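Each remark here refers to the structure printed beneath this line.
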2 protein chains.
Amino acid sequence: MPRSKGKKSSAPVTIHDVAERAGVAISSISRVLSGHPDVSERMRIKVQKAADELGYEPDFFAQSLRSGATKTIGFIIRDISNPFFGVIAQCCEQELRKAGYSMLLMNSDGDVATESINIAQLRRRKIDGLIASLVSEDIPELNSTLEKLNAPVVLLDREVVGLNSSAILANHHQGVEDATLDLISRGHNRIAFISGSTRVYTTRDRLKGFKSAFKKAGVAYPTDLVSLGKFDAEFGESETKRLFTLKDRPTALLSGGIGSTAGAMRGLKKLGLVPGKDLAFVAIDEWPMFDVYGQQFSSVYRDAAMIGREAAAALLEMISGGSPRTIMVETHYIVRDSSSGGLKAKKK
Amino acid sequence: MPRSKGKKSSAPVTIHDVAERAGVAISSISRVLSGHPDVSERMRIKVQKAADELGYEPDFFAQSLRSGATKTIGFIIRDISNPFFGVIAQCCEQELRKAGYSMLLMNSDGDVATESINIAQLRRRKIDGLIASLVSEDIPELNSTLEKLNAPVVLLDREVVGLNSSAILANHHQGVEDATLDLISRGHNRIAFISGSTRVYTTRDRLKGFKSAFKKAGVAYPTDLVSLGKFDAEFGESETKRLFTLKDRPTALLSGGIGSTAGAMRGLKKLGLVPGKDLAFVAIDEWPMFDVYGQQFSSVYRDAAMIGREAAAALLEMISGGSPRTIMVETHYIVRDSSSGGLKAKKK
DNA sequence: GCATAAAATAGAAACGTTTCCAGAAACGAC
DNA sequence: GTCGTTTCTGGAAACGTTTCTATTTTATGC
């Protein structure tokens with residue numbers, strides 16, 4: 001018995017009670033409260049009064065069962081404790097709330113199976129729409145799973161071919177290329193790059209920018225310093241340790257995403273290397289308050305709040321019949337202290 | 001029409017379809033699938049087979065409407081982009097998911113009215129339980145609003161008198177007292193303290209620790225350096241600026257909570273003051289990765305992941321009939337670089 | 001084999017809405 | 001007045017389950 005008994009909490013007031021009090025049919029109550037046009041002024045007042053007096057609130061589940069609309073949006077991300085996702089979720093929830101929708105939050109824990117279970121759960125809950133940052137883009141059953149949802153979908157930084165969904169994509173390659181070119185122009189050519197799996201757009205687009213910078217600069221692309229695997233901190237840390245203990249070790253590092261950056265920073269610390277001094281360091285995506293920490297980190301910045309708002313807007317648009325669309329969000333290379341360093345030996 | 005038509009998506013399979021296929025009554029389907037004891041093995045197999053073949057999934061809303069249980073938990077916090085809350089939400093959601101519950105996330109934006117609207121919304125959605133970090137403890141209608149929910153409640157770091165709910169409280173005063181005593185022993189007596197409103201337990205308990213440290217040390221308590229108002233960064237920044245431009249300005253600062261800390265750091269930066277050098281600085285609550293930033297910040301630490309898990313556990317316990325309980329989480333003063341500084345003039 | 005109890009099943013009544021349909025009232029035009 | 005339209009209202013049928021009650025079947029003890 002999940003709902004506590006409540007000492008003397010009178011049974012909840014239903015549409016029948018209102019009908020009885022107003023002395024009209026229940027269908028009239030429903031019509032008045034849902035703003036149906038064919039209702040006389042006299043009826044409207046009578047019903048409104050009775051409803052107010054009784055403090056009537058329509059039962060959500062009965063409404064959803066009958067009408068099919070749940071006013072509920074699913075939100076799936078790897079990990080809500082990642083502050084970048086946190087900002088997206090916050091802004092998104094605010095926008096959805098304004099429009100009368102509530103948000104069902106689920107962490108996928110970066111796991112394909114968990115993600116799939118979550119989507120199934122959301123389908124049973126008949127969500128009106130889904131906003132998701134998927135673990136991977138090329139899971140075989142993914143498209144059919146999402147289509148079975150029978151609800152509009154907005155993907156965050158993912159490109160799933162053949163799926164009729166909206167997407168909020170970031171223009172990663174631009175920011176990463178700018179950052180890489182800056183590092184090259186400072187004299188670096190051994191630049192390390194750590195990011196997640198190439199099975200998602202995010203990584204592929206970052207890599208594109210990284211590669212094109214070397215091409216544009218006419219410098220050899222350091223294949224051995226590129227490490228792509230997972231977005232989490234564990235991977236970032238172990239790969240940082242590995243790369244920075246190589247014989248011909250890198251002089252600069254780009255870390256892709258909050259998780260990678262966290263891992264990289266921890267790894268560097270354990271190796272006793274200081275960003276901005278012993279190496280040049282650029283983080284892709286910012287931590288909150290990145291600009292005020294004692295040490296100033298360079299970054300490739302994108303506006304998480306805007307991503308959240310745009311995702312909500314795109315979804316609401318689709319719910320009310322609009323077509324899917326793709327929104328491109330700009331990224332910007334922000335130069336701070338940590339872009340220096342790593343070349344002392346060579347400068348001499 | 002919120003649910004898209006779906007080109008040829010066959011109508012969803014209902015319990016009637018399964019009953020027809022298996023050649024039994026619909027009540028038998030329900031009994032088998034909900035694990036009712038009075039079911040023959042033959043029936044169980046027959047029904048299971050039919051259900052599997054049709055890919056039957058019970059309609060969530062019909063179930064909830066009839067049974068009253070929604071398997072949904074409300075989660076209300078000020079702001080999910082605060083990484084401290086993010087960790088709590090993440091761990092909490094994981095635990096709830098394991099138990100078959102989903103989480104409805106709502107930001108209160110630190111606003112009493114928004115919070116109240118959110119609670120009303122959750123009531124209409126007949127949540128099975130609520131986990132909340134409330135904006136304030138002494139809103140007049142708060143108790144009745146929460147009681148009308150008719151579901152168990154777990155409060156995060158809040159003490160609401162007369163409410164029959166569980167609570168996860170942190171032992172703030174211990175950590176704050178330790179930190180303050182350390183600063184006093186280093187020679188500080190002009191220590192500033194910024195935190196949120198005293199209308200919540202969090203602030204009151206921190207203040208208690210702050211005050212008792214001065215008493216224990218026999219040092220005059222600097223009333224003019226205590227600033228209590230809001231938890232957000234704006235307040236933290238403006239108060240930091242105000243306090244550190246006083247004539248007899250403080251030599252140390254404790255900032256209460258992630259928001260205050262963010263604001264304080266920004267304020268100090270604008271004033272050109274460096275923590276650990278121009279002043280001693282202790283943050284109450286940690287940022288993720290606090291320990292690896294170039295600059296090492298001292299903190300009063302508490303385990304957010306544990307808070308999230310405990311909250312989920314306490315709620316699930318109450319849902320299955322257990323009594324409310326209060327869990328006390330320890331805090332620890334962690335000394336890092338930023339506890340130094342601020343006393344150069346005096347040292348000479 | 002027969003009464004009796006226990007186990008298994010079917011049927012129907014909820015749960016609280018929305019929405020369809022039919023009919024009543026009101027209205028103007030003739 | 002009668003007729004055809006509108007405008008409004010009431011009744012009832014959904015929506016897809018769970019659960020209560022009644023009935024049938026099976027098992028048990030003698």
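Numbers restart at 1 for each chain; the letters A, B, ... are given by sequence-line order, proteins then strands. A quick note: this is a predicted structure, and the numbers were derived from the prediction, not measured.
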> Tell me: CZ of A:R31 to P of D:dT9, nearest whole Å?
Replying inline: 7 Å
> Could you state the interatomic distance from CD (A:E95) to CD1 (A:I73), rounded to the nearest 0.5 Å?
Replying inline: 13.0 Å
> To the side chain of B:Y56, which of D:dT17, C:dT9, D:dG16 is closest?
Replying inline: D:dT17
>> So, OP1 or OP2 of D:dT9: does either fall under 4.0 Å of a side-chain N or O from A:S40?
In response: yes
>> Without decimals, in angstroms, what is the distance between B:F61 CZ and D:dT18 C1'?
In response: 17 Å
>> Could you tell me how far apart B:H16 (NE2) and D:dG16 (C1') are, to the nearest whole angstrom?
In response: 7 Å
> CD1 of A:I15 versus P of D:dC15: gap in Å, rounded?
Replying inline: 18 Å
>> From C-beta outward on B:L65, which listed nucleotide comes closest to its side chain: C:dA10, D:dT17, D:dG16?
In response: D:dG16
> Salt bridge check: are A:R78 and A:E115 linked by an N-O gap of less than 4.0 Å?
Replying inline: no
> Tell me: NZ of A:K126 to P of C:dT17, nearest whole Å?
Replying inline: 20 Å
> Going by modelled atom types, is there a donor-acceptor pair between the base of C:dT18 and the side chain of A:R66 at under 3.5 Å?
Replying inline: yes
>> Would the base of D:dG11 count as contacting A:S27 through its side chain, where contact means a donor and an acceptor less than 3.5 Å apart?
In response: yes
> Rounded to the Å, how far apart are A:M43 CE and D:dT9 P?
Replying inline: 4 Å
> Just checking B:E57: base, sugar-phosphate only, or nothing, at a heavy-atom cut-off of under 4.0 Å?
Replying inline: sugar-phosphate
>> Would you compute the distance between atom NE2 of A:H16 and atom OH of A:Y56 and round it to the nearest 0.5 angstrom?
In response: 9.5 Å
> When the distance from CZ of A:R42 to P of D:dC8 is rounded to whole Å, what number comes out?
Replying inline: 12 Å
> If you find the nucleotide of DNA chain C closest to A:S34 and the one closest to B:A62, which residue's nucleotide is nearer the 5' end?
Replying inline: B:A62
>> Is A:S30 close enough to C:dT17 that one of its side-chain N or O atoms is under 4.0 Å from OP1 or OP2 there?
In response: no
> So with a 6.0 Å cut-off around CD of B:E57, is the heavy-atom count from everything else above 12?
Replying inline: yes
> With B:I15, which of B:L33, B:I29, B:D59 fulfils side-chain contact (heavy atoms from CB on, under 4.5 Å)?
Replying inline: B:I29
> Among the nucleotides C:dT17, D:dT9, C:dT18, which one has an atom lying closest to any side-chain atom of A:S67?
Replying inline: C:dT18
>> Just the rounded figure in Å: distance from C1' of C:dA5 to CG of B:D38.
In response: 13 Å
